[in-house]
2 protein chains.
Amino acid sequence: MSRRERAESELTLTERARRRQLIEATVELVAEHGYAGTSLARIAERAGITKAAVLYHFPSKDAVVRAAHEHVLTALVAEVATAVEAAEPARGPAAYIRSMIGHLREHPRHTRMITEAMTNDAAKHESAERWRPLAQILEAAGPNPRADLRTLAIIISGGIDAIVAEQLGDPAYDTAAAAEQLVALVETELSS
Amino acid sequence: MSRRERAESELTLTERARRRQLIEATVELVAEHGYAGTSLARIAERAGITKAAVLYHFPSKDAVVRAAHEHVLTALVAEVATAVEAAEPARGPAAYIRSMIGHLREHPRHTRMITEAMTNDAAKHESAERWRPLAQILEAAGPNPRADLRTLAIIISGGIDAIVAEQLGDPAYDTAAAAEQLVALVETELSS
DNA sequence: GTCTATACCCCGATAGAC
DNA sequence: GTCTATCGGGGTATAGAC
């Protein structure tokens, strides 16, 4: 709803420590019990304070969860961006797919946090924020006569989500191999 | 958790009418307000009875929502199965994609109900129930040297979900065109 | 067999004391 | 900055009216 009221630099030291502590507790709890199973009381308990104290540092439960979501998303976006920029444009889509699936495989708790956040209405994230960067990467990879890049980006994102979700339910599922298969599918399409 | 205790035929007339009424009310409410925004009190209010009366017909709120979810899913599965069986095996994947996206476009309320159910823990649906039938359709479509069919099925399902979700956020999005693009992608892959 | 009334406990949030 | 107290509302369980 509203932007961050104060800049990070204006926060007290203890304030920043508390926020970080609460965010970490929230990421763990959402990973373990999902959004609905994560109550203010549990977050407070894990941080050693009371419900009301949590609501002193954040205006609402949704704000806590949103902060935790952003924390985790920032790390993901940074890693994917680095990987894509390090690749030559033609391999951008492959770098995007591999780094995103790889990051989520290495941070399963973050994964649950992100998937939970996508569904709960806090996800006022315009879906465009998800597909537009990928569509640009696809465009930079070269001319593509056949596909609408928005739809292709949406399909790829959905495929990534489904692969990652599959591993959540079946830890033995080989997401690296799945990533390679998705990469092959996309590169075939881009050169068709 | 447990199977249906009594067969449909053993239910009272009023019981069946009430269940249907409650399921319809729940589908509408979940479509309008999401799972979290759908309370027993609202379901009861829309049906003209009290919370406790709802819990006479169903053992819990989750059971009501699960019944509503199954109701909607049954219609989807039936339509898709009919379309796939009517197609020659080689066009099975195309029929699957087109009929599923088409059905969800024509029943937006069902769509919200299904996507909400997928995330909330009531989704004890082994994901295998989703990808295995599609993997069989892919297998029946012909020999496929390159792709692991489980992963291909997972990617296709994710793509379908993402396309349908996109339309929920942007009603102007052309899901029919997106379906054709996904069909083309899959058929290219299957003939590679 | 169908339903109402009631009561319980947990949740998110607010007010105000320390 | 953190607490207790309290509120409205949620899901659930039971007693008992009809």
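Residue numbers begin at 1 in each chain, while the letters A, B, ... track the order of the sequences. Below, all heavy atoms of this structure are taken into account, side chains as well, without hydrogens, waters or symmetry copies.
Counting any heavy atom pair closer than 4.0 Å across all strands shown, B:Leu40 reaches a base atom. Across all strands shown, B:Leu55 has heavy atoms under 4.0 Å from base atoms, whether or not it also approaches the sugar-phosphate.
When distances are taken from the side chain of A:Ser39 to each of C:dC11, C:dA5, D:dT2, the shortest belongs to C:dC11. Side-chain proximity of A:Ala53 to D:dC3, C:dT4, D:dG11: nearest is D:dC3. Comparing D:dT12, D:dG1, C:dG1 by their closest approach to the side chain of A:Thr12 singles out D:dG1. Closest approach to the B:Glu15 side chain among C:dT2, C:dA15, C:dA5 is made by C:dT2 (side chain taken as heavy atoms from C-beta onward).
Listed for the B:Thr12 side chain is no donor-acceptor partner under 3.5 Å among the backbone atoms of B:Glu15.
Phosphate proximity of D:dT2 to A:Tyr56: absent, as no side-chain N or O sits under 4.0 Å from OP1 or OP2. OP1 or OP2 of C:dC11 has not a single side-chain nitrogen or oxygen of A:Arg42 nearer than 4.0 Å. Residue A:Thr14 has a polar side-chain atom (N or O) positioned under 4.0 Å from OP1 or OP2 of D:dG1. The side chain of B:Thr50 contributes no N or O atom lying less than 4.0 Å from OP1 or OP2 of C:dC3. Taking 4.0 angstrom as the limit, B:His57 places a side-chain polar atom (N or O) nearer than this to OP1 or OP2 of C:dC3.
Atom pair B:Tyr35:OH and D:dG10:P shows a separation of 14 Å (rounding to whole Å applied). If you measure from atom CZ of B:Arg18 to atom P of C:dT4, you get 8 Å, rounded to the nearest angstrom. The distance from atom CD1 of A:Ile43 to atom P of C:dC10 is 17 Å, rounded to the nearest whole Å. Atom CZ in A:Arg19 sits roughly 15 Å away from atom C1' in D:dG1 (whole-Å rounding). Here C:dC3 presents its C1' atom at 14 Å from CD of B:Gln21, a figure rounded to the nearest Å. A straight line from CG of B:Leu11 to C1' of C:dG1 spans 12 Å, rounded to a whole angstrom.
Scanning atom types as modelled, one donor and one acceptor separated by under 3.5 angstrom connect the side chain of B:Lys51 and the base of D:dG11. Between the side chain of B:Lys61 and the base of D:dG10, no donor-acceptor pair under 3.5 Å is found.
Going from atom CG of A:Asp161 over to atom CE of A:Met100 covers 8.5 Å, rounded to the nearest 0.5 Å.
For the pair B:Leu152 and B:Trp131, the minimum side-chain heavy-atom distance is 4.5 Å or more.
Under the 4.0 Å criterion applied to side-chain N and carboxylate O atoms, A:Arg112 and A:Glu116 are assigned as salt-bridge partners.
Aromatic ring orientation, B:His110 versus B:His71: tilted (interplanar angle from 30° to 60°).
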